[in-house]
Structures are given as structure tokens and as C-alpha cells.
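Okay, structure first, notes after.
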Amino acid sequence: MLLQDVLYKVALRSVQGSTGVEISDVSLDSRAVQSGTAFIAVKGSATDGHQFIEKAIEKGATAIIAEQLPGEKKAGVVYVEVENSAIAAGYMASNFFGQPSASLHLVGVTGTNGKTTIATLLYKLFAALGYHCGLISTVANHIGDRVLQATHTTPDAVSLNRLLRQMNDEGCSHVFMEVSSHAVHQHRIAGLQFAGGIFSNITHDHLDYHKTFDEYIRVKKAFFDGLPSAAFAISNADDKRGLVMLQNTPARKYLYSLKTLADFKGKLIENNLSGLVMLVGDQEVHFRLIGEFNAYNLLAVYGAAVCLGEDKQEILRCLSVLTGAEGRFDYLISPVDKLITIVDYAHTPDALLNVLATINKLKKGTEQVITVVGCGGDRDKTKRPVMAQAACEHSDRAIFTSDNPRSEDPEQIIRDMEEGLPAASRRKYIAITDRREAIKTAISLANPGDIILVAGKGHEKYQDIKGVKHHFDDKETVQDLFETLGR
């Protein structure tokens with residue numbers, strides 16, 4: 001493809017050389033550059049791609065796209081100065097891969113909690129409705145039945161468009177993807193054409209990156225502001241920022257709710273371990289998913305499917321038999337004494353509160369709730385004591401442990417969690433740094449019928465300690481300990 005075609009819709013400042021040259025690839029990573037590649041130098045939060053321009057040229061880059069061009073230019077290389085490299089990368093990747101999103105019904109899901117479940121349910125629903133679908137999520141990426149490893153909630157612009165091209169080529173008609181706040185802020189979704197967007201909720205998270213809650217909200221809202229008029233925008237009317245998200249969107253606006261008038265209205269009738277019974281519009285439906293938070297997720301999915309033109313009765317019929325995403329309220333029952341253990345990805349204060357509220361509503365009598373919880377290293381430290389307090393306040397016992405400590409000292413993370421806890425809460429918890437030992441202790445302390453929550457990692461199959469990913473699977477660990485402890 002010619003460079004001039006790859007640069008379609010990119011805001012240019014200057015061009016040195018001919019844009020009539022042939023481009024064989026586009027790349028954000030100088031290590032992946034080969035002869036004929038257009039290298040896009042993007043300023044990231046950790047590294048600045050401008051530092052690797054010379055390396056990219058040495059590896060055969062035909063064109064350099066950057067916000068600041070080097071003083072010394074090499075003959076035979078085209079230099080393109082752009083307003084914003086990250087935005088340019090989105091449009092260039094889309095152009096290079098033939099604008100794959102334009103040929104797909106691409107639906108983005110954003111919010112603090114529920115993104116993975118909503119996107120996964122949409123993928124499963126549309127597959128059940130007979131479509132060949134794609135899924136881009138925190139847990140895994142899917143092209144039809146084929147599973148691809150996911151490294152980020154939302155991939156970088158080049159990887160994302162390459163993946164969408166692949167989905168397009170393999171016959172996908174619908175693609176459902178999580179859109180993280182990082183992806184919006186870093187313009188990874190620039191140039192994509194969305195058929196619709198869904199907002200779940202917004203709570204305290206990622207303040208290590210966004211610095212203020214107002215900025216976090218602004219970034220989430222920017223996704224909806226950027227939707228085209230032909231798209232739909234669906235928001236949670238029961239979230240106090242739900243209406244804010246839709247204020248400036250050109251898209252068609254819809255609301256879902258359990259508590260107020262909305263386009264897609266639900267009413268909870270039953271909520272227990274066998275699932276949810278909910279009134280959706282005037283239709284009573286039994287769902288396999290558990291908890292009020294999943295009632296919201298189901299309404300969002302139902303609304304999106306209606307907006308995509310599907311039959312309401314058929315949507316509800318298919319939704320009623322679906323299960324959720326891995327590591328989202330996954331519950332295991334020990335074979336011997338019927339001890340219930342729930343593995344959940346809850347890693348924000350609000351998500352933890354939602355899961356514990358659901359568990360406490362499911363209790364039939366005097367069962368104990370024991371919560372195993374940690375906080376991630378190199379992430380927002382302000383939520384650590386909030387998470388700890390939530391665990392203590394809504395559990396009979398809590399065990400503070402390691403999550404993904406990353407580069408931090410896991411014991412210091414636990415001390416941060418303990419900071420400011422009231423005396424009543426301090427009597428409720430113990431600290432065990434080793435995660436397996438913490439889970440083992442919870443199971444040992446539990447009586448038959450008690451409920452254990454193992455929170456924070458969900459679907460993850462590793463623990464990140466000092467830059468090394470060690471195999472660790474909460475669900476696998478629980479099953480192994482049931483057997484080892486004879487539970």
C-alpha cells in the first residue's frame with residue numbers, strides 16, 4: 001500500500017520525501033520493524049517511541065511518523081511530522097488493514113466493572129443466534145470458536161486493527177470488545193467505526209494513571225462523544241454518571257435500569273444460587289447468572305441486542321441459558337462437606353462490595369463469609385485501605401494476602417491495606433502474604449456450608465512478582481486444596 005493511502009485522515013504538520021512510496025507494514029515497536037515498514041513513534045506512559053527512531057531506520061524503516069522529527073535525516077527515508085502520533089497510529093493502522101471495523105458490527109463496552117461479562121455475554125448470545133462473532137476482552141480474544149491469548153484489555157492500535165482484519169477475513173459479522181479508559185486516553189481506538197457503545201458503571205479505579213476521578217470520568221465519556229450518529233449509545237440510568245456519559249454523544253441514546261423508567265427496564269424477582277428471575281419489560285425470565293450486578297449486565301446485553309435488530313423473545317430465550325465470563329462469580333462446592341468458594345475478579349472497592357452484597361443476600365442462615373483479598377502492586381494505592389475495610393465490614397473473617405505485587409514489597413501492600421482500619425475491623429482479619437497459604441487457611445477455618453470469597457485475580461493464571469509471572473490459578477488452587485484437605 002502507498003504511504004499516502006496509509007496517511008488518509010491523519011493530521012499532518014510536514015512531510016519530507018515522497019508519500020508515493022510502498023509500505024509493507026506499520027509498527028509501533030522498533031523491534032518488529034522490517035524493510036518497508038512505516039514506524040510510528042508514540043509517546044507512551046513508560047517509554048517514548050521517539051527514542052527508537054534511529055533503531056527503526058537501521059532495521060529498514062521506509063517512513064518515520066513522529067511528533068518531533070530528528071535533526072539529522074537519512075536519505076531514502078520519508079519523514080512525516082504529525083499533530084499526535086497516537087491518533088495517527090489509529091488511523092494509519094485502520095487504513096493499512098483496509099478499515100476492518102467498517103465491515104463489522106463493532107460494539108464497545110466501557111465502565112469500571114462489568115465490561116468483561118457484558119462483552120462475553122454479547123459474544124455468546126450472538127453466537128447462539130447463529131452469527132460468526134469476535135470477542136476482544138481481558139480474559140481472551142476469540143475468533144469464532146478459536147481462542148487467542150489476550151495481553152491487554154484493549155490492544156494497541158496496530159494489534160487491534162490486525163486482529164479486526166483477521167476477524168473480518170474469517171467471516172465475523174459482529175465483534176464485541178472491552179474499551180478500557182487507558183485505551184481511550186491513549187487513542188488506541190482512534191479510527192475505528194463503532195456500531196454501538198455500552199456504559200456499565202463508574203467507580204474508584206485507575207487513579208494511579210488518571211490522577212483524579214473527574215479525569216477518569218472525562219476519559220470514559222470521550223468514548224461516547226466520539227461515536228457516530230448512526231451508532232447507538234446505551235447507558236446505566238441507575239449509575240449517577242450514566243446520563244453524563246450520553247450528554248454530548250451524536251449517537252442514538254438509550255438507558256437501562258432496575259430502579260427507574262428506561263428504554264430497557266428490568267425488575268428483580270428472585271436472586272439465589274440457582275440464578276436470577278427477572279422481569280425484562282413484561283417478560284419473566286430465569287437466568288443462570290447470580291447477583292444484582294449481573295441483572296444490570298444482562299439488561300445492557302439485552303438492550304444492545306435489540307439495538308442491533310434482534311428479536312426480543314429470541315434474545316431472552318438465548319440469554320436465559322448462558323453462563324458468564326471466567327473468573328466472574330465462579331463458584332465451586334467442595335465434594336465432601338459442601339463448602340462454597342467463589343472466585344471473582346473483584347479488584348476495586350465497588351466490585352468487592354457488589355460481590356459481598358450478593359453473597360450476603362444468598363446466605364440462608366448463620367453461614368460465615370470468609371474473604372481472601374489483596375491489592376495489586378504498582379497501582380492505585382488509595383484504594384488499598386478501602387478494599388480492606390470493605391472486606392472486613394462485610395465478611396465474618398478476612399485474610400489479607402498478595403494479589404500481583406509486581407515490583408512492590410507484598411508485605412508493604414498489606415500494611416497499606418491495614419492503614420486506618422478501625423479497631424472492630426482489626427479484630428476480623430489476619431495477614432498471610434503467601435496467596436496459596438491464605439486460601440488454605442480460609443478453607444481450614446470454614447465450617448460446612450460457609451462461603452469463601454477469593455477476590456482480585458479471577459481468570460488470571462499467574463502471579464506477577466518482581467517482573468516474573470509465576471503460574472497461579474485461584475480456581476485450580478481451591479480445587480486442589482479441597483482434595484488435599486479432604487473437604
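We're numbering straight along the sequence, starting at 1. Only this structure's heavy atoms are used, side chains among them; waters, hydrogens and symmetry mates stay out. Predicted, not measured: the structure shown is a model, and the values here were computed from it.
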Worksheet item: CG of Asn161 to CD1 of Ile189: how many Å apart, nearest 0.5 Å?
Response: 11.5 Å

Worksheet item: How close do Ile234 and Cys307 get, heavy atom to heavy atom, and via which atoms?
Response: CD1-SG, 4.0 Å

Worksheet item: Between atom CG of Leu135 and atom SG of Cys172, what is the distance when rounded to the nearest 0.5 Å?
Response: 10.5 Å

Worksheet item: Are there more than 12 heavy atoms of other residues, nucleotides or ligands under 6.0 Å from atom NZ of Lys363?
Response: yes

Item to complete: Identify which one of Asp403, Asn404, Asp344 satisfies the side chain to side chain donor-acceptor pair (under 3.5 Å) criterion when paired with Lys457.
Response: Asn404

Worksheet item: Atom CD1 in Ile432, atom OG1 in Thr441: separation rounded to 0.5 Å?
Response: 3.5 Å

Worksheet item: Which class fits the ring pair Phe199 and Phe224: parallel under 30°, tilted 30 to 60°, perpendicular over 60°?
Response: perpendicular

Worksheet item: If you draw a 6.0 Å radius around NZ in Lys312, do more than 12 non-hydrogen atoms from other residues or ligands fall strictly inside?
Response: no

Worksheet item: Going from CG on Leu125 to CD1 on Ile315, what distance comes out if it is rounded to the nearest 0.5 angstrom?
Response: 6.5 Å

Worksheet item: Which atom pair, heavy atoms only, marks the closest approach of Asn271 to Leu362?
Response: O-CD2, 3.5 Å

Discussion item. To check you understand the geometry: which heavy-atom pair defines the closest contact between Ile413 and Gly377, and what is its length?
Written reply: CD1-CA, 3.7 Å

Worksheet item: Do Asn201 side-chain atoms and Asn113 backbone N/O form a donor-acceptor pair below 3.5 Å?
Response: yes

Item to complete: Search all heavy atoms of Asp238 against all heavy atoms of Ser257 and return the closest pair with its distance.
Response: OD1-OG, 2.7 Å

Discussion item. Any salt bridge linking Asp416 with Arg384? Criterion: basic side-chain nitrogen under 4.0 Å from a carboxylate oxygen.
Written reply: yes

Worksheet item: What distance do Lys240 atom NZ and Thr203 atom OG1 have between them, rounded to the nearest 0.5 Å?
Response: 11.0 Å

Discussion item. Can a donor-acceptor pair be found, under 3.5 Å and without considering hydrogens, that links the side chain of Lys124 to the backbone of Gly324?
Written reply: yes

Discussion item. Measuring only between side-chain heavy atoms, which start at C-beta, is Lys461 closer than 4.5 Å to Glu476?
Written reply: no

Fill in: Test side-chain contact (heavy atoms from CB on, under 4.5 Å) applied to Thr120 and Val139, step by step
CA-CA 9 Å; Thr120 303; Val139 176; 5.8 Å; no

Discussion item. Looking only at side-chain N and O atoms, does Lys221 offer a donor or acceptor that is under 3.5 Å from a partner on Asn248?
Written reply: yes

Practice prompt. Using atom types as modelled and distance alone, determine if a side-chain donor or acceptor of Asn236 lies under 3.5 Å from a backbone N or O of Ser200.
Written response: yes

Worksheet item: Step by step, would you call Thr138 with His459 a side-chain contact (heavy atoms from CB on, under 4.5 Å)?
Response: CA-CA 9 Å; Thr138 305; His459 65 281; 3.6 Å; yes

Worksheet item: Between Met167 and Ile143, which heavy-atom pair has the shortest distance, and what is it?
Response: CG-CG1, 3.7 Å

Discussion item. Is the distance from the ring center of Phe400 to that of Tyr429 below 6.0 Å?
Written reply: yes

Worksheet item: Checking Lys265 side chain against Leu258 main chain: does a donor-acceptor pair fall under 3.5 Å?
Response: yes

Worksheet item: Taking the side chain as C-beta and beyond, is there a heavy-atom pair between Thr341 and Ser334 under 4.5 Å?
Response: no

Fill in: Glu460 with Lys469: basic N within carboxylate O range, under 4.0 Å
no

Worksheet item: Within the side chain of Lys115, is there an N or O that forms a donor-acceptor pair under 3.5 Å with the backbone of Gly111?
Response: yes

Worksheet item: Is it true that a side-chain atom of Thr110 and a backbone atom of Val179 form a donor plus acceptor pair closer than 3.5 Å?
Response: yes

Worksheet entry | Interatomic spacing from CZ in Arg317 to CD in Gln313 - rounded to 0.5 Å | 10.5 Å

Practice prompt. Determine whether Met417 and Val373 make a side-chain contact, defined as any pair of heavy atoms from C-beta on separated by less than 4.5 Å.
Written response: yes

Worksheet item: Does a side-chain N-to-carboxylate-O contact under 4.0 Å join Glu170 and Arg146?
Response: yes

Worksheet item: Can you list the steps and then say if Leu298 with Val285 is a side-chain contact (heavy atoms from CB on, under 4.5 Å)?
Response: CA-CA 11 Å; Leu298 286 161; Val285 190; over 6 Å; no

Item to complete: Take Leu445 and Gln368 through the test side-chain contact (heavy atoms from CB on, under 4.5 Å) and record every step on the way to the result.
Response: CA-CA 10 Å; Leu445 288 171; Gln368 284 192 102; 5.8 Å; no

Discussion item. Within the 4.5 Å heavy-atom criterion, are Tyr296 and Ile118 side-chain neighbours or not?
Written reply: no

Worksheet entry | Phe232 and Leu308, any side-chain heavy atoms less than 4.5 Å apart | yes

Worksheet entry | Any donor-acceptor N or O pair under 3.5 Å, side chains Thr112, Asp350 | no

Worksheet entry | Expected output: side-chain Asp396 to main-chain Val369 donor-acceptor under 3.5 Å | yes

Worksheet item: In terms of ring plane angle, is the pair Phe176 and Phe126 parallel, tilted or perpendicular, where the classes change at 30° and 60°?
Response: tilted

Fill in: Over 12 non-hydrogen atoms of neighbours within 6.0 angstrom of CD in Glu437
yes

Worksheet item: Do Tyr345 and Thr116 have side-chain heavy atoms sitting under 4.5 Å apart?
Response: no

Worksheet entry | Phe293 backbone acceptor or donor facing Asn354 side chain under 3.5 Å | no

Item to complete: Verify side-chain hydrogen bond (donor to acceptor under 3.5 Å, both in side chains) between Tyr302 and Gln283, making sure each step is shown before the conclusion.
Response: CA-CA 12 Å; Tyr302 172 72; Gln283 184 82 33; over 6 Å; no

Worksheet item: Under the 3.5 angstrom rule, does the side chain of Glu408 hit a backbone N or O of Asp378 as a donor-acceptor pair?
Response: yes

Worksheet item: Does a salt bridge link Arg218 with Asp214, judged by any charged N lying under 4.0 Å from a carboxylate O?
Response: no

Item to complete: For residues Pro422 and Gln389, determine if any side-chain heavy atom of one lies less than 4.5 Å from a side-chain heavy atom of the other.
Response: yes

Worksheet item: What are the two closest non-hydrogen atoms of Phe482 and Ile333, and how far apart are they?
Response: CE1-C, 4.0 Å

Worksheet entry | Over 12 foreign heavy atoms within 6.0 Å of CD, Glu419 | no

Discussion item. Quick one, Gln99 and Ser94 - any side-chain contact, counting heavy atoms below 4.5 Å?
Written reply: yes

Worksheet item: Does the distance from a Lys or Arg side-chain N to an Asp or Glu carboxylate O, for Asp156 and Arg188, drop under 4.0 Å?
Response: no

Discussion item. Between Asp330 and Gly327 (side chain of the first, backbone of the second, donor and acceptor by atom type, cut-off under 3.5 Å), is there such a pair?
Written reply: yes

Worksheet item: What do you reckon, is NZ of Lys440 surrounded by more than 12 foreign heavy atoms closer than 6.0 Å?
Response: no

Discussion item. Does this structure show an ion pair linking Arg435 with Asp474, if we count only N-O contacts that are shorter than 4.0 Å?
Written reply: yes

